[in-house]
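Worksheet: one structure, shown below.
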Number of protein chains: 2
Amino acid sequence: MTERSNQSVRRAFKLVDELAENGPRGVSELADQLDMPVSTVHDYLQALIATGYVTKDESAYKTTTRFLEVGHRQCHRLEVFKAVRDELETVAEETGEHATLLIEEDDQAVIVAVQEGPDAINLFAYPGARMPLHATAPGKAMLAHMPTERVTDIIDRHGLVEVTPQTVTDPDVLFDQLEDVRSQGYAIDVGERIAGMVCIAAPILDKNDRIRGAICVCGPRSRLDEDRRSEIADVAQRAANVTQVNLDYV
Amino acid sequence: MTERSNQSVRRAFKLVDELAENGPRGVSELADQLDMPVSTVHDYLQALIATGYVTKDESAYKTTTRFLEVGHRQCHRLEVFKAVRDELETVAEETGEHATLLIEEDDQAVIVAVQEGPDAINLFAYPGARMPLHATAPGKAMLAHMPTERVTDIIDRHGLVEVTPQTVTDPDVLFDQLEDVRSQGYAIDVGERIAGMVCIAAPILDKNDRIRGAICVCGPRSRLDEDRRSEIADVAQRAANVTQVNLDYV
DNA sequence: AACCCTTTCCGAGATAACCGAAAACTTTCT
DNA sequence: AGAAAGTTTTCGGTTATCTCGGAAAGGGTT
């Protein structure tokens with residue numbers, strides 16, 4: 001690495017990633033996985049325990065609830081998060097589908113709140129789930145309200161990765177769609193991130209017209225025909241507007 | 001340092017703690033707060049950014065949603081968490097108070113799920129909130145089902161810290177109470193952690209009688225008279241039993 | 001434009017991180 | 001039970017790498 005960045009920190013978090021990803025494990029298994037000497041892994045785990053972010057449960061090391069706490073703290077500092085609170089529930093009830101709140105972070109769309117409709121949990125929609133901006137309705141809702149320069153920057157840096165065969169990969173098509181989003185007030189994606197899944201999202205702007213997040217409703221294509229879609233779009237937009245108003249009070 | 005643990009790791013997480021605690025900040029402010037050279041703090045922040053757990057928002061560094069993700073992942077690996085899912089909501093509805101799920105971690109009680117009753121959010125009950133075992137109903141519910149040796153160990157290590165004037169600080173009294181918990185099936189605390197707050201908690205055991213967590217209901221003392229308390233205890237115990245059954249299926 | 005403040009870059013020197021090797025524990029098998 | 005295989009933990013020397021002063025670059029204000 002030509003980068004000038006603390007190796008210990010990178011390694012420590014690689015360990016955390018591994019623990020978070022594949023669950024609690026022992027020293028030697030971790031060492032195998034990460035291709036590091038056992039003793040070194042052990043040293044790191046001790047250090048991590050000292051921080052309180054990792055603990056040792058009888059026979060395996062695992063992450064602690066501190067991550068939950070930090071994540072939660074961060075959410076509650078997010079103004080949109082507080083502003084959207086009740087609305088998300090309303091949206092889920094009115095539409096009967098999953099309703100989520102997303103924000104942009106490091107050029108990606110991230111789910112920060114999930115409200116489930118009456119149906120089962122969606123494996124793809126959990127707090128912290130990250131996705132490319134161009135491949136989802138909420139992402140496009142947010143892109144549509146960023147300065148064009150910012151959008152081209154993002155495309156330059158990450159490209160328009162094809163997540164499913166439906167993903168928009170042509171910049172021109174994307175820019176057209178963003179124009180549509182601005183005129184009709186909401187974004188839609190049909191299986192562009194997850195095959196068979198339709199998402200409809202409304203942008204949340206603050207009083208300076210800066211994009212702050214998006215409210216997203218998604219469900220299986222089979223259940224969302226044309227009529228339903230525009231109905232859902234209305235609900236989402238209304239919720240976004242209310243949130244917008246709340247934002248100014250917070 | 002007599003401790004044999006990676007300094008970089010400790011410092012990195014101290015930075016994270018600071019960011020989580022006091023919100024986004026700039027390099028020099030962080031350096032002040034933690035009494036470290038600016039350049040060093042800068043180095044760490046760069047390293048943290050490389051890991052994806054910290055990001056830089058125009059003028060300040062802040063934690064990312066990765067913490068949320070890791071925390072969430074961990075919860076979903078917890079069997080109790082999955083087993084309690086719907087029950088918590090039922091409890092909150094039936095009692096009209098806050099219902100929470102707690103587990104034991106590193107000799108403390110930690111909230112991992114919160115279901116709010118119709119009333120406002122409780123500042124003390126958020127996911128990740130930690131508290132001493134002896135000073136809360138859920139803590140006592142869990143202590144009551146640990147081996148006595150374990151309990152004395154915990155007392156030795158941490159003592160019976162007085163959180164409020166009501167907190168039990170005498171080991172004998174505590175052991176008596178734990179006996180009560182075992183015989184009546186639920187634990188109660190009256191302002192022992194937060195003045196004016198009453199908590200009622202039922203333990204969740206698995207088929208091997210190992211303690212896995214506790215369901216807790218709490219509300220202001222004024223609202224919870226004797227009758228309500230035993231009523232709530234029933235609801236909590238029933239939910240704990242259902243959870244227990246679910247546990248065996250998961 | 002000059003000032004101050006904050007952030008970023010850089011390099012040399014000292015520290016503390018890294019890993020091999022062996023000891024202490026566990027678990028499994030005969 | 002006793003041995004064997006596996007896993008975790010301890011320890012110390014070396015040397016890679018982290019640390020931090022100082023300088024440069026950026027940003028905002030008077």
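Source: prediction; values computed, not measured. Protein chains get the first letters and strands the later ones, always in sequence-line order, with residue 1 at the start of each.
The nucleotide whose nearest atom lies closest to any side-chain atom of B/Ser39 is, among D/dT9, C/dT7, D/dG22, D/dG22.
Distances shorter than 4.0 Å separate some side-chain N or O of B/His42 from OP1 or OP2 on C/dT8. Look at B/Thr40 and you'll find a side-chain N or O under 4.0 angstrom from OP1 or OP2 of D/dC20.
A/Glu58 places its CD atom 13 Å from the P atom of C/dT26, with the value rounded to the nearest Å. Look at CZ on B/Arg25: it is 11 Å from P on C/dT7, rounded to the nearest Å. One atom, CD of A/Gln46, and another, P of C/dC19, lie 16 Å apart when rounded to the nearest Å. What separates NZ of A/Lys56 from P of C/dC25 is a distance of 12 Å, to the nearest Å. Between A/Tyr61 atom OH and D/dT7 atom C1' the separation is 11 Å, expressed in whole Å. Distance, A/Ile49 CD1 to D/dT10 P: 11 Å, rounded to whole Å.
Within residues 26-36 of chain A, the residues having any heavy atom under 4.0 Å from DNA chain D are, by residue number, A/Gly26, A/Val27, A/Ser28.
Annotation: side chain to side chain contact (heavy atoms under 4.5 Å, CB included) contacts of A/Ala137 (sequence neighbours excluded): A/Ala187, A/Asp189, A/Cys199, A/Ala201. For A/Arg182, the salt bridge (Lys or Arg N to Asp or Glu O under 4.0 Å) partners are A/Glu179, not counting sequence neighbours. Remark: A/Glu149 engages no residue in a salt bridge (Lys or Arg N to Asp or Glu O under 4.0 Å) (not counting sequence neighbours). With sequence neighbours left out, B/Asp170 forms a side chain to side chain contact (heavy atoms under 4.5 Å, CB included) with B/Asp172, B/Val173. Every residue was checked against the ring-ring contact (aromatic ring centres under 6.0 Å, His included) condition with A/Tyr61, not counting sequence neighbours, and none meets it. In terms of the salt bridge (Lys or Arg N to Asp or Glu O under 4.0 Å) criterion, residue partners of A/Lys62 (sequence neighbours excluded) are, by chain and number, A/Asp57. With sequence neighbours excluded, no residue forms a side-chain hydrogen bond (donor to acceptor under 3.5 Å, both in side chains) with A/Arg210.
Rounded to 10 degrees, the angle between the two end axes of the helix from C/dA1-D/dT30 to C/dT30-D/dA1 is 50°, with five pairs used at each end.
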Side chain to side chain donor-acceptor pair (under 3.5 Å) evaluation trace for A/Gln237 with A/Asn241
CA-CA 6 Å; A/Gln237 278 183 86; A/Asn241 285 335; 6.0 Å; no

Can you give me every donor-acceptor pair (side chain of residues 140-147 of chain A, partner residue at least two apart or in another chain, under 3.5 Å) with its distance?
unit_1, atom_1, unit_2, atom_2, d
A/Lys140, NZ, A/Gln177, OE1, 2.6
A/Lys140, NZ, A/Ile188, O, 3.2
A/Lys140, NZ, A/Glu192, OE1, 2.8
A/Lys140, NZ, A/Glu192, OE2, 3.4

Would you tabulate the side-chain donor-acceptor contacts of residues 129-136 of chain B under 3.5 Å, counting partners in other chains and residues two or more places apart, or write 'none'?
unit_1, atom_1, unit_2, atom_2, d
B/Arg130, NH1, A/Thr65, OG1, 3.2
B/Arg130, NH2, A/Glu69, OE1, 2.4
B/His134, NE2, B/Val161, N, 3.2
B/His134, NE2, B/Val161, O, 2.7
B/Thr136, OG1, B/Gly139, N, 3.0

Under 3.5 Å between N/O atoms: give me all the protein pairs with nucleotides 14-17 of chain C, atom names plus distance.
unit_1, atom_1, unit_2, atom_2, d
C/dA17, OP1, B/Gln7, N, 3.2
C/dA17, OP2, B/Gln7, N, 2.6

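Within 3.5 Å, no donor on the side chain of B/Asp43 pairs with an acceptor on the base of D/dC18, nor the reverse.
Taking the ring centroids of B/Phe13 and B/Tyr44, they lie at or beyond the 6.0 Å cut-off.
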